[in-house]
Each structure stands twice: as structure tokens, then as C-alpha cells.
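Since the structure comes first, as C-alpha cells, the remarks are kept for the end.
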Amino acid sequence: MASETSFSAFKSWPSAPLTDSLVQKSISSLQRKPTLVNAPIIKARDDQLLQWSTYDEIDHELTLASPDAVLSSSYVIRKALTRKHFLSRSILSYVTKNPQSALSAAAPQTFELEISFADELEEMLTDELWELGRDLDSDTPRWWILKPGMADRGNGIRLFNSRSGLEHIFEEFEESDEEDAEDSGEQEPEEGTAVITSQLRHFVIQEYLSYPLLIDPREVSVQGSAVPSVLEGRKFHLRAYCVASGALEVYLYERILALFSATPYASPTTPKEGDETPIDLSPHLTNTSLQKEHGEQNVRLLDELVGCHICSDAPGNDLRLTADDVKNIIEQISAVLAESFQAALQNPIHFQVLPNAFELFGVDFLVTYNPSSSPTIQVHLLEFNSEPAIELTGPRLTWILEDLFVAMGKVCVEPFFRPPFTKDVEGWRIGKWVDKMSRGECPLSVEVLSACLRT
């Protein structure tokens with residue numbers, strides 16, 4: 001039997017000091033206090049080890065070899081969630097078999113693109129991407145978003161609504177690559193949405209969601225800021241923190257962030273013929289890491305938006321976001337998360353759960369508002385992020401991260417190291433912490449719970 005006095009803990013976040021401090025606070029709040037070690041090692045038969053570190057610092061072989069003694073903060077294989085093109089495949093396969101799934105409405109239409117040179121596009125648009133080509137050739141083509149499959153923080157994102165627009169994007173990427181090749185390599189990379197296509201060949205093309213829910217974040221006063229008399233609707237996305245534990249329980253942290261664009265929203269417009277001016281992405285991209293001023297003026301809690309005017313409708317209306325609207329949004333998020341994990345579980349090559357692992361994901365959603373559709377407010381899944389950039393939350397809301405990490409310690413770590421250690425293949429029983437959560441069960445082959453962690 002493992003020692004009942006202590007266990008070892010290895011934490012290493014060399015490029016994420018905020019995460020490192022949050023992990024330290026969570027470890028310090030545990031009932032059983034671990035001994036911090038400098039390397040992930042088990043020396044004796046009865047030793048137990050917690051690896052709460054960045055993916056690259058975890059000894060994954062040790063995780064797999066010692067399921068009763070080692071708990072790690074990342075699954076070894078989870079590409080079906082964290083890589084955009086793998087996620088789109090998992091969802092497409094799942095929705096094809098389950099057309100009534102919440103993902104049918106929540107997952108934007110997506111195409112995969114593996115390309116090396118711009119001159120390959122023409123053939124692809126008449127072959128594997130013929131549906132996209134047909135839309136671009138129609139009298140009323142839709143807008144689309146190009147996203148690198150393995151990039152993050154908004155890098156490489158572009159908008160287009162024509163064949164020529166898409167071709168121009170890749171020509172621009174190629175020119176950028178050539179310029180980089182001529183440089184000595186000593187220059188710092190430019191800020192913005194630049195991407196090196198020589199390193200990234202996988203892209204996804206996703207439909208642009210044309211009816212975003214628009215709210216002016218300035219209507220929620222922060223640190224005494226003035227509320228404007230004239231509101232300007234801005235696009236935003238929701239960042240939900242989701243914790244997967246064992247094989248498999250899923251938890252949704254109840255405090256969801258709303259991350260706003262830097263400028264008021266304007267629908268994308270087609271450039272005039274011959275105009276090569278890049279489309280201004282600032283009204284459309286809500287990733288705060290792309291904004292010139294990395295402050296917290298564009299970050300709010302979803303709950304703080306209750307009572308704010310909905311600026312998506314006609315000017316002068318008095319429609320406001322209600323508590324029921326927020327409840328509906330969270331219920332949709334819970335359903336989409338549960339079925340996203342179910343879709344990933346059906347792709348065991350690219351998502352393999354372990355009873356001795358847990359992981360935090362930052363899951364991004366866009367909310368659309370369309371009075372002529374049902375439901376009027378619809379949640380759409382954008383992407384899963386492993387090791388999310390939590391530092392972009394800002395100092396004002398750091399307290400929610402502290403609560404989140406302490407809750408992860410209580411729910412994911414303590415049950416594993418509570419003597420004597422026992423495990424349940426259907427998911428861990430977490431004792432007294434169960435009554436501190438609200439549950440929403442989903443009909444999955446492996447039990448998946450969608451819940452709010454409450455500290």
C-alpha cells in the first residue's frame with residue numbers, strides 16, 4: 001500500500017509563470033501535502049507521484065507504466081480534440097452517425113486543406129473541395145475563414161469569399177516565406193497573424209458565422225470606467241475552461257470568459273477589383289493575444305454581461321441579455337462539450353483516455369443571434385486549446401483562475417492520492433466533493449459528466 005503521509009509532486013512550467021504559481025497554490029491547498037521534486041522519478045515500490053507540468057516536461061512513459069502510482073496533468077494522445085483538422089474529422093464522423101446531435105447545429109461547416117503551393121488550389125477546388133468551389137462560384141458566395149490546423153493565438157487566420165481571394169492568401173504566404181528565407185534569421189518575427197507555411201501544411205476552412213451576438217463591453221464598468229452614452233456592438237467569443245479527468249469525467253468551470261474584439265463589429269466586405277489592401281481583421285478576431293494593447297478592457301465574465309444591450313438587432317432597441325439567456329448558453333455549452341468528447345472517444349487512435357490523467361482545456365465558442373431562427377441564440381464550437389494561455393485573462397480576473405486550479409486539485413488530484421487508492425473504470429467516485437457540483441449526465445458509452453466546479 002502506498003504511503004499515507006505524503007507523495008511527490010513534479011511541476012514545471014518554464015514559459016508560463018502564472019500557471020506555475022496557480023499549480024503551486026493548488027498543491028498547497030491539498031489535504032495531503034506532497035514533497036516537491038525536481039524530476040519525475042519513482043524510487044521505491046510504494047512511491048506515488050503527481051506530474052502537474054507542461055506536456056513536454058511530463059514523463060509519459062512513466063504515466064503509462066504506473067497507472068496506480070502516477071497521476072499526470074495531460075493525456076498522452078488527444079489530437080482528436082486539440083488539432084483543428086482532427087477535431088473536424090471526429091465531429092463530421094460523429095454527426096453523420098448521430099444527425100440529432102447538438103454538434104449538428106454547433107459545429108460550423110468545415111473543410112480540410114493540405115497544401116504546399118498556391119497553384120495547387122485550382123485542382124483541389126474542383127476535386128476534394130468541390131463543395132467549397134461551388135459556393136465560391138455562386139452568385140451569393142459566403143464568407144469563409146482560413147485557419148492553420150496547428151497554429152494558435154489567431155496566427156494565420158484570414159477571411160475570403162472568392163477563389164481569387166483564397167489564392168491571394170496563399171500567394172501572400174509564399175511571398176512571406178521567400179522573404180524570411182532571404183533574411184539572416186536574426187530578426188524578431190513580426191506581430192500579428194503571420195504564419196510560416198513551410199512549417200504548416202494543414203489548414204481548415206470554416207464557414208464565417210454571419211450573425212454574431214454583439215455587445216459593447218464598455219457597458220460593464222471596470223475599475224470605475226465610464227459607460228458610453230452611445231453603444232458600439234463588438235463581436236466576442238466565450239472561453240470555457242473544461243477539465244477532463246480519468247477515463248472519463250468532464251467538468252465545465254462555471255466562470256466563463258467573454259473575450260471581445262478590439263474594434264466595433266462590421267460585416268466583412270469584398271475588396272474592390274484591383275484593391276490588394278488586406279481585409280481588416282480587428283472587428284472579426286476576438287483573440288486578445290492579437291490585440292496591440294494586451295489589457296483587460298476587452299475581457300469580461302459571461303455573468304457580467306447580464307443586463308447589457310444586445311446590439312445585433314436594429315439600432316435603438318432595448319433588448320438586453322438576460323440571466324435566462326446566459327443559462328441557455330451554458331446549457332448549450334455543456335451539451336456540446338459532452339458530445340465533443342464522445343466524438344473524440346470514437347476515434348481511439350487520436351484520443352486515448354487514462355485513469356491516471358487529467359487535463360485542462362480552454363474551449364472557445366462563438367454565440368450567434370438571429371431573431372428569425374430557432375433558437376435565437378445559438379452556441380458554436382470553435383476549438384479546443386491544450387495548455388490555454390490563461391495569462392490573457394488579466395489581473396482583474398486572476399481570482400477565477402485561482403479558484404479553478406484549487407478546484408482541479410480537489411476533484412482530480414485528491415481522490416487519486418486518498419489512501420487507499422481505488423479506481424473505477426467508469427470514472428472516479430469523488431466522495432464528498434460530489435455534492436458541491438451540479439451534474440448533467442449524457443448518454444455515453446463511458447460515463448461523462450458535465451458539471452460546474454464549485455469551490
Side-chain angles (χ1 to χ4, degrees), residues 1-3 6-14 16 19-20 23 26-27 30 32 34-83 86-87 89-90 150 242-251 340-361 384-388 408-409 411-430 444-449:
M1 181 182 295
S3 169
S6 182
F7 57 95
S8 298
F10 169 68
K11 68 177 184 68
S12 178
W13 299 88
T19 302
D20 187 85
V23 171
S26 182
I27 290 175
L30 299 175
R32 293 178 64 197
T35 301
L36 292 178
V37 294
N38 295 323
I41 299 174
I42 290 183
K43 297 181 179 180
R45 180 179 180 182
D46 289 342
D47 283 355
Q48 289 182 297
L49 173 68
L50 167 65
Q51 300 188 91
W52 199 339
S53 304
T54 182
Y55 184 91
D56 293 335
E57 297 290 325
I58 291 175
D59 186 335
H60 296 288
E61 291 185 3
L62 192 60
T63 304
L64 296 172
S66 307
D68 293 345
V70 177
L71 176 66
S72 299
S73 63
S74 176
Y75 294 99
V76 180
I77 299 174
R78 70 279 204 261
K79 290 190 293 186
L81 292 171
T82 58
R83 298 285 177 84
F86 283 103
L87 177 62
R89 291 178 201 171
S90 298
M150 296 172 61
C242 164
V243 182
S245 178
L248 177 69
E249 295 177 344
V250 179
Y251 305 99
S340 296
F341 275 93
Q342 182 169 349
L345 285 168
Q346 295 184 9
N347 190 353
I349 295 177
H350 300 303
F351 182 50
Q352 299 176 12
V353 294
L354 299 169
N356 59 322
F358 67 97
E359 186 159 1
L360 172 66
F361 298 96
F384 279 74
N385 297 278
S386 57
E387 299 183 15
M408 289 170 61
V411 172
C412 302
V413 178
E414 281 195 343
F416 189 92
F417 295 103
R418 183 180 298 138
F421 170 67
T422 59
K423 58 183 178 179
D424 178 353
V425 296
E426 292 294 329
W428 292 327
R429 298 185 177 93
I430 54 180
L444 306 182
S445 55
V446 177
E447 183 183 11
V448 175
L449 305 178

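We number each residue from 1, following the sequence as shown.
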**Request:** I would like to know whether Y55 and H60 meet side-chain contact (heavy atoms from CB on, under 4.5 Å); could you show each step before the answer?
**Result:** CA-CA 9 Å; Y55 184 91; H60 296 288; 3.5 Å; yes
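H350 places no side-chain N or O within donor-acceptor distance of the main-chain N or O of L87, the cut-off being under 3.5 Å. A donor-acceptor contact shorter than 3.5 Å links the side chain of S73 to the backbone of S53. Not one N or O on the side chain of D59 forms a donor-acceptor pair closer than 3.5 Å with the backbone of I41. In this structure a side-chain-to-backbone donor-acceptor pair under 3.5 Å is present from Y75 to G246.
Residues passing the salt bridge (charged side-chain N to carboxylate O under 4.0 Å, His left out) test with K11, sequence neighbours excluded: D20. Evaluation of the side-chain contact (heavy atoms from CB on, under 4.5 Å) rule for V37 yields S8, F10, L49 as partners, not counting sequence neighbours. With sequence neighbours excluded, no residue forms a salt bridge (charged side-chain N to carboxylate O under 4.0 Å, His left out) with E387.
Remark: I58 CD1 to S72 OG distance equals 5.0 Å, nearest 0.5 Å.
Nearest heavy atom pair, residue C412 against residue V243, reads SG-CG1, 3.6 Å. Of all heavy-atom pairs spanning I27 and P34, the tightest one is CG2-CG, 3.2 Å. Taking all atoms of both residues into account, the shortest heavy-atom contact from Q51 to V70 is NE2-CG1, 3.5 Å. When all heavy atoms of T63 and N356 are compared, the closest pair comes out as O-ND2, 2.8 Å. In terms of heavy atoms, L360 sits closest to P388 at O-CD, 3.9 Å. Closest non-hydrogen pair, S90 versus A80, comes out as OG-CB, 3.6 Å.
In this structure, L71 and F7 have side chains that are not in contact, with every pair of non-hydrogen atoms separated by 4.5 Å or more. By the 4.5 Å heavy-atom criterion applied to side chains, L354 and L64 are counted as neighbours. In this structure, S386 and R78 have side chains that are in contact, with non-hydrogen atoms separated by less than 4.5 Å. Inter-residue side-chain proximity for F341 and F351 is flagged as met; some heavy-atom pair is nearer than 4.5 Å. Put simply, the side chain of F416 does not reach to within 4.5 Å of the side chain of L50, judged on heavy atoms.
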